[in-house]
Structure formats: C-alpha cells, structure tokens
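Both counts, for ligands and for their atoms, begin at 1 and track the order of listing.
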Amino acid sequence: MKKLKIGGFVLAAAIALSSTAVQSQMAPFGSKDDAAYAKALWAALEKDRLVGSDTINTFPYEGTEPHGFVLETFYSKTSVNGHSGEVIVKRNYGPKDVEVETVQANRGKHLGAVTVMFKREAGYDADNKDWFWAKFLPDGSLDKNPKGMMLAGKIAKGKKKGCIACHTGAPGGDMVFTK
Ligand code: HEC
C-alpha cells in the first residue's frame, strides 16, 4: 500500500512536469526558443549593420500618430540558422515629440527600441504570414511586456492587442504598413 502511494506521487509529479513543458511550448511568444532565435536574429542584423554600434543610417522620419516618434525603417534580407528571409527593421527614437534634427545629431542617445519582423520558413505561422516578431532594446536584449514575458515570437497570437493584432489592419495583405 505504501509503495503504491509513492508510485502515485511520482506519477502525479511526472504529469505536472510534462504539462508545464507542453504549456511553454504552446505559448505563442516569449519562450526560451523564441529568445534564442531572437538572439541569432540580432547577431545576423548586427553583421548586416542594421543594428548595433556600427550601423548604416538613413534619414529618420516622423512616425505616424498616435506614436509621434521619429522612425527609421529598413527593408532587407537576412539569414538566421540557415533560413533566409525578408526582414524589416524599425528603429524607434524618442522621447515623444523629439525633433528629427535632434535625433540625427545623436542617434544613439535617442534610440528607444528596435522592432523587427522577420519572414520565417513557410508554416511557422501561416495565419500571420509567417512573421517572427521581436522588440529589442538598443543593447540587443529583448524588451518585456508588463507581465514580464519576452517580446519575441508570435506576439501576441490570438490576443486583441500586440504586434499581430495591430498589424493585421495593415493594407496590402502582408501585415506591413509602410509599403
Ligand atoms: C497599435 C498598433 C501597432 C502595434 C501594437 C505594433 N505596430 Fe508595428 N507598426 C505600426 C504602424 C502604424 C507602423 C507604420 C509606422 C511608420 O513607419 O510610420 C508600424 C511599422 C512597423 C514595422 C515596419 C514595417 C511596417 O509594417 O511598416 C515593423 C518592423 C514593426 N512595426 C514591428 C512591430 C513589432 C515587432 C511590434 C510588437 C512588438 C509592433 N510593430 C506593434 C503599428 C503597430
């Protein structure tokens, strides 16, 4: 009888463990895998000089309301873990109401975040055009949402707010606003 109880306990623990693993696999973004992928993406973009300390620069422009930020957007292609795809990198400068000239004079000081869309392999997220979404801080670490979830992956698939929800409203059918 004693043995059976121990057996039951061990079995229950095993079930609890595996359901946690399933849950983290099912979260649409912010998993360890998403973070690792984002890290590889950042490294690729650094090599392409789209992010980091030695970047190619363009003319920043005033962001559309309600953001009111100054932006810089790049359309390119990059390779992550052997997969090549279209990539869109948006540098977000602040604070609110900052002037374009002020940003140009010192980009590093005014960079608030880097938001990226990377076209992953077909089937990654067929519902949302296979985009991988990420929001980086200027040093390449991932920004987090108020719940502490890292902003990388399918953000936030199935939710009313977030990258996917808002970009679904973009014209042109590929979730991209600026084309
Ligand atoms: C509330 C709406 C909204 C949310 C949420 C949002 N975006 Fe955007 N995004 C926009 C708009 C509007 C633009 C066009 C801005 C511009 O360049 O004038 C844009 C532009 C972009 C671009 C440049 C390509 C394009 O679509 O024009 C990237 C990359 C991007 N967003 C990434 C992200 C990521 C990553 C997230 C989530 C962390 C996110 N966005 C969340 C509205 C949103």
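Checked against a 3.5 angstrom limit, the closest N/O atoms of K135 and ligand 1 fall outside it. Ligand 1 has no nitrogen or oxygen under 3.5 angstrom from a nitrogen or oxygen of I155.
Ring pair Y124/F132 is tilted by interplanar angle, where 30° to 60° counts as tilted.
With ligand atoms numbered from 1 in the order given, ligand 1 contributes 5 (C) to contacts under 4.0 Å with heavy atoms of G162. Atoms of ligand 1 lying under 4.0 Å from at least one heavy atom of Y61, given by number and element, are 16 (C), 17 (O), 18 (O). Of all atoms in ligand 1, numbered sequentially from 1 with element shown, those under 4.0 Å from a heavy atom of T178 are 14 (C), 16 (C), 17 (O), 24 (C), 25 (C), 27 (O). Per-residue contacts place L71 under 4.0 angstrom from the following atoms of ligand 1 (heavy atoms of the residue considered): 15 (C), 16 (C), 17 (O), 18 (O). Heavy-atom contacts of C163 reach the following atoms of ligand 1: 34 (C), 35 (C), 36 (C), 37 (C), 38 (C), 39 (C), 41 (C) (cutoff under 4.0 Å).
Aromatic rings from F136 and W42 are positioned such that their centres are separated by under 6.0 Å.
In summary, the side chains of N92 and T115 do present a donor paired with an acceptor at a separation below 3.5 Å, with no hydrogens or angles considered. Neither side chain, S31 nor D33, offers a donor N or O lying under 3.5 Å from an acceptor on the other.
Of the candidates I88, T115, V87, the one placing a heavy atom closest to atom 32 (C) of ligand 1 is T115. Across the listed options M117, K161, E62, R91, M117 owns the non-hydrogen atom lying nearest to atom 28 (C) of ligand 1.
Looking at residues two or more places apart in sequence or on another chain, you find a salt bridge (Lys or Arg N to Asp or Glu O under 4.0 Å) between R107 and E72.
The CG atom of D34 sits 8.0 Å away from atom NZ of K154, with the distance rounded to the nearest 0.5 Å.
The proximity of L151 to ligand 1, defined as any non-hydrogen pair under 4.0 Å, does not occur for either the backbone or the side chain. By the criterion of a heavy-atom distance under 4.0 Å, the backbone of A134, and not its side chain, is placed next to ligand 1.
Taking 2.8 Å as the threshold, C166 does not count as a candidate ligand of atom 8 (Fe) of ligand 1, since none of its N, O or S atoms lies below it.
For residues 158-176, the set of pairs meeting the side-chain hydrogen bond (donor to acceptor under 3.5 Å, both in side chains) definition, not counting sequence neighbours, comprises K119-D174.
Classification of D125 and K157 as a salt-bridged pair holds, one side-chain N sitting under 4.0 Å from a carboxylate O.
Heavy atoms of V176 come nearer than 4.0 angstrom to ligand 1 in at least one pair.
A cation-pi arrangement, defined by a distance under 6.0 Å to the six-membered ring centre and an angle within 45 degrees of its axis, is absent between R49 and F74.
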